[in-house]
Amino acid sequence: MNAVEIEAAISELALQPFDAAEFPFAFLAAFGNKDTALSRLRAGNNNTSDVSGGVLQRNNIHIAVCDVGTVGETLKALRTSPATTKAKAKFILATDGQTLEAEDLTGGETKTCDYPDFPNHFGFFLPLAGISTIKEIKDNPIDVRATGRMNKLYVELLRENPDWATNERRHDMNHFMARLIFCFFADGTDIFNGTGLFIQTVEQMGERDGSNTHAVLETIFRAMNIKIAERANAQPRLPNWANGFPYVNGGLFSGSTDVPRFTRMARTYLLHAGGLKWREINPDIFGSMIQAVADDEERGALGMHYTSVPNILKVLSPLFLDELRAQLTEAGDNERKLLNLRKRMARIRVFDPACGSGNFLVIAYKQMREIEAEINRRRGELHLGSEIPLTNFRGIELRDFPAEIARLALIIAEFQCDVLYRGQKDALAEFLPLDAQNWIVCGNALRLDWLSICPPTGTGVKLVADDLFSAPLNQTKIDFENEGGETYICGNPPYLGSTWQTDEQKADLEAIFTTRTKNWKSLDYVAGWFMKAADYGTKTKAAAAFVSTNSICQGQQVPILWPLVFATGHEIAFAYTSFKWTNLASHNAGVTVIIVGIASFAQRNRKLFSVSEDGNVNAKEVDNINAYLVAGKQVVVEKSAKPLTSISEMMFGSKPVDGGHLLFSQDELESLGLSQQDKERFIRPIVGSEEFIGGKQRFCIWIEDEDAAYAHAHPVIGPRLQMVRSMRLSSTKLATQRGAEWSHRFDERRQTGDETVVIVPSVSSESRDYLPVGYMPKGTIISNLAFALYDAPLWNMALIASRLHLIWIGTVCGKLETRYRYSNTIGWNTFPVPLLTEQNRDDLTTCAEDILLARDAHFPATIADLYNPVNMPDNLRRAHERNDEVLERIYIGRRFKNDTERLEKLFELYTKMTSATGKAKPAIKATREKKAS
DNA sequence: CATCCGACATTGG
DNA sequence: CCAATGTCGGATG
């Protein structure tokens, strides 16, 4: 259950007549407990409560229903009950059906409220449903409740008005919802008359069955588009009851006043939604939540792409807020300096070209208002209106509804800031009418001209390229107020790896990159935002920072994207290295993200941030940040088809592309019932990453071409080959379809099966201190999930097993989230190795043998067991230490001090190796030696 | 032909 | 259910 569903369930519960016996179970059910769990509790066999009327669920909550007026004592009894402690309850709750008291035993926080009111505090109880990390939801239950109510209304309206769900009318529907939200908010504050004018009007003027609700709303909307002075002449005449509504307009109420038809249910939902405390709506999170209302995909995943406030600040603070705050501190009470800062802020533009429902813009606006308020306080000018124009917070959003919401969220933020800093009276005085301009553009950010939407010289907006979602006309031609300032671009654009992009998205990237590189097809979708931001920065003073998937700073994308960004004169001004994305959807394992800030005027002291597992942020000041988000020189490692030094050639394993029909576990193999002869002829052990690391047995059918006819006719193997054939034929990939012709074989075969092998898994856990590398006897097949050196000298293994190599791979190769992802072309072939003498190679061979022997002593421990970082066997660790010692002496004559020094040396050697003068020096001589030996 | 990647995918405690 | 940790084959160079 997500937060919205839970809210709905407990709101429903609170409406029911109080049933003392049933309440604890109904309460638990509302938080997603299954019937089976409840019936067990009911039966009492795992209800260990020692309080009368108590229900205790292990690791969760101790609830007691008590006689009227004894809630306080009962809660105390629950608190002191030994059973509460023993069952590790997180909450205690007592109620008599009139009041309700509860305590969060982990945090110590308590809640007391009237019983019917407890759904308003449901955020407090969310940890019961395993939703504990989202502070914003916990603190703002009203946003979740509003979302739930609006969602119901939306679904009901579309059910009754299917034509409003069509593409042509979707915008009208979204606009209608935005109008409603504005009315609710205005109703909750004094923007309307302060006594619930809107809801009262709908309730009193509308029939109970909802049949004329649309007409009432249409009239109200029309009123808000007519200036007070012009109302007497309005055609058709405006009824008196509508005259109490102010003139709002602001684009929000211009245009069609069409309203969908209401059912009785829809009208109830509308009134229900209007009953919430909308004045407390928090535009930080509200927008992200409510946008799920109109999005079929997002509705289930509720807020999946919502960026939490701390994460938004990770972008905005180093981008420009820190600097503003520093300037504020520096100004002290100096009136002139304070005024300068205020003037500077009035000219700052914040631009989010993937703004969604306006999260980043709202937070940026609120932060700047906070700074401005402090300036005004120090200057004794708290009464002053804000000089920060809302229209300087611009955005582009692809989807229509979030774009509507973004503007609304900013308007709400402005009003709330005015109330907070200037008081209700001043806030109201200037709030209406709304600015008629629309500064959130609905369109495709990669196709629109950012300079037109956020023009450097204030020359107005013109929309170019194919704006696929027909931007409303009134959003053009908006000049900036207060020209000549700085622009800060920010946001969390969508990430999508090349494999997952639609043709349309690919075309978006093509349009941006095709003139600069032929390899644009391998870039993540998010790369488009970085490139456009860099281009923008060449035309005007701007800096940009985005949350991004970490893959654009890893592996193959680095040499494609970053040289192009750097070529525009931009550098990485600050960055957050990889951290795990967290969001509202519990099932969403998420993605690993980075934050990268770029600027063409970056200062020398650049901040490189990292987030530790407990969420703490570590900042380090460095001179330069390279494209791998590592402090140090600007190095880009290009993939290489062949080794740059004397190391052996590393190959990919063999790729079955068999749909599972050529592979077996031990059990499956036995159940095939092959004759001993056939087994020997056709079955081989196959090893990929998992088999090697976890010590698992797996087998494959491996058929030489001359045996193909026999195998096809074989009663057991033949049908399997047929399945491989049909699987390959059904592929969308042409090469795979052709592979159907040799269905007795792996689609891509890289070995004869008669070689000794040094194996390296292609993906492995980041928790180990060394890369898992192994040695296999003849006869083993290596799958495409591992790399292999076939019949190679063992000293190669010593290199791969070294700390130096781990650091190199971890830095220049791609990653799977944060896991190591090995690559022969990017990581092995480019690995900088000094010239190795014969003696060196002998020493390294001995080291590799020692590592293998050290492992053998623990037979049958798996690689995963042996390299578990917390209990790696001493003898194995010593063998690796010796290996590192020998290798590092070859590099610099001593051990390296730390990984930073290792990486510096490796980058230095790589640069020498690949520069024109030093090209492949170690390789030439070593190659000759190799041939001689 | 030969990989590199995944707002991932699957497993196993 | 979530924390740990690597499949699999398509798209791409």
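Side-chain atoms are counted along with the backbone in the values below, which use heavy atoms only and exclude waters and symmetry mates. Residue numbers start from 1 in every chain, and the chains themselves are labelled A, B, ... in the order their sequence lines are given, proteins ahead of strands.
- Annotation: salt bridge (Lys or Arg N to Asp or Glu O under 4.0 Å) contacts of A:Asp705 (sequence neighbours excluded): A:Arg745, A:Arg749.
- A:Met650 comes within 4.0 angstrom of no nucleic acid atom, judged by non-hydrogen atoms across all strands.
- By the side chain to side chain donor-acceptor pair (under 3.5 Å) test, A:Ser665 pairs with A:Glu668, sequence neighbours left out.
- Under 3.5 Å, the side chain of A:Asn492 and the base of B:dA7 form at least one donor-acceptor pair of N or O atoms.
- Between the CG atom of A:Leu662 and the C1' atom of C:dG9 there is a distance of 14 Å, given to the nearest Å.
- Evaluation of the salt bridge (charged side-chain N to carboxylate O under 4.0 Å, His left out) test over residues 724-733 of chain A, restricted to residues two or more places apart or in two chains, returns none.
- In this structure, A:Asn868 places its CG atom 12 Å from C1' of C:dA4, rounding to the nearest Å.
- B:dG6 atom P lies 10 Å from atom CD of A:Glu817, rounded to whole Å.
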*How would DNA chain B look in dot-bracket form, 5' to 3', counting Watson-Crick and G-U wobble pairs with both distances under 3.5 Å and writing | for bases paired to another strand?*
||||||.||||||
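- Each of A:Thr736 and A:Ser762 lies near DNA chain C, and the nucleotide nearest A:Ser762 is the one positioned closer to the 5' end.
- A:Glu690 pairs by the side chain to side chain contact (heavy atoms under 4.5 Å, CB included) definition with A:Lys696, not counting sequence neighbours.
- Comparing A:Met651 and A:Pro493 against DNA chain B, the residue whose closest nucleotide sits nearer the 5' end is A:Met651.
- For B:dG6, one of the phosphate oxygens OP1 or OP2 lies less than 4.0 angstrom from a side-chain nitrogen or oxygen of A:Ser551.
- Annotation: B:dA7 and C:dG13 have their C1' atoms spaced 25 Å apart (nearest Å).
- For A:Glu766, the salt bridge (Lys or Arg N to Asp or Glu O under 4.0 Å) test picks out A:Arg819, with sequence neighbours left out.
- Donor-acceptor pairing under 3.5 Å, judged by distance alone, is present between the side chain of A:Arg821 and the base of B:dG6.
- Between the NZ atom of A:Lys580 and the C1' atom of C:dA3 there is a distance of 9 Å, given to the nearest Å.
- The aromatic rings of A:Phe27 and A:Phe31 sit tilted, their planes meeting at an angle between 30° and 60°.
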List, with names and distances, any nitrogen or oxygen atoms from the protein found under 3.5 Å away from nitrogen or oxygen atoms belonging to nucleotides 11-13 of chain C.
unit_1 : atom_1 : unit_2   : atom_2 : d
C:dA11 : N6     : A:Lys733 : NZ     : 2.8
C:dT12 : OP1    : A:Lys506 : NZ     : 2.8
C:dG13 : OP1    : A:Lys521 : N      : 3.3

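- Using a 30° and 60° split on the angle between ring planes, A:Tyr822 and A:Phe787 fall in the tilted class, from 30° to 60°.
- Within residues 685-702 of chain A, the residues having any heavy atom closer than 4.0 Å to DNA chain C are, in order of number, A:Ser689, A:Glu690, A:Ile693, A:Arg698.
- Ranking B:dG6, C:dT5, C:dG9 by closeness to the A:Asp658 side chain, first place goes to C:dG9.
- Within the nucleic acid shown, A:Arg768 comes within 4.0 Å of sugar-phosphate atoms alone, with no base atom in reach, counting heavy atoms only.
- A:Arg819 places its CZ atom 14 Å from the C1' atom of B:dC5, with the value rounded to the nearest Å.
- Here B:dC5 presents its C1' atom at 9 Å from CH2 of A:Trp500, a figure rounded to the nearest Å.
- A search for side chain to side chain contact (heavy atoms under 4.5 Å, CB included) contacts involving A:Pro869 returns A:Ser767, A:Asp769, not counting sequence neighbours.
- The distance between atom CG of A:Asp524 and atom C1' of B:dA7, rounded to the nearest whole Å, is 9 Å.
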*Take A:Phe746 and A:Trp702, measure what ring-ring contact (aromatic ring centres under 6.0 Å, His included) needs, and give me the verdict at the end.*
CA-CA 8 Å; A:Phe746 278 29; A:Trp702 188 266; 5.1 Å; yes
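- Taking side-chain N and O atoms only, A:Arg728 has no distance below 4.0 Å to OP1 or OP2 of C:dG10.
- Residues passing the side chain to side chain donor-acceptor pair (under 3.5 Å) test with A:Ser743, sequence neighbours excluded: none.
- Nucleotides B:dC8 and B:dC4, compared at atom P, are 23 Å apart to the nearest Å.
- Among residues two or more places apart in sequence or in another chain, the salt bridge (Lys or Arg N to Asp or Glu O under 4.0 Å) test is passed with A:Arg698 by A:Glu691.
- Using a 4.0 Å heavy-atom cutoff across all strands shown, A:Ser731 reaches sugar-phosphate atoms only and no base atom.
- The CG-P distance, from A:Leu785 to B:dC4, rounds to 14 Å in whole Å.
- Of the residues near DNA chain B, A:Ala641 and A:Gly497, the one whose nearest nucleotide (by heavy atom distance) lies more toward the 5' end is A:Ala641.
- Counting any heavy atom pair closer than 4.0 Å across all strands shown, A:Asn784 reaches a base atom.
- Aromatic ring pairs are classed by plane angle as parallel below 30°, tilted from 30° to 60° and perpendicular above 60°; the pair A:His880 and A:Tyr770 is parallel.
- Evaluation of the salt bridge (Lys or Arg N to Asp or Glu O under 4.0 Å) rule for A:Glu748 yields A:Arg750 as partners, not counting sequence neighbours.
- A:Pro772 comes within contact range of no nucleotide atom at all, as no heavy-atom separation falls under 4.0 Å.
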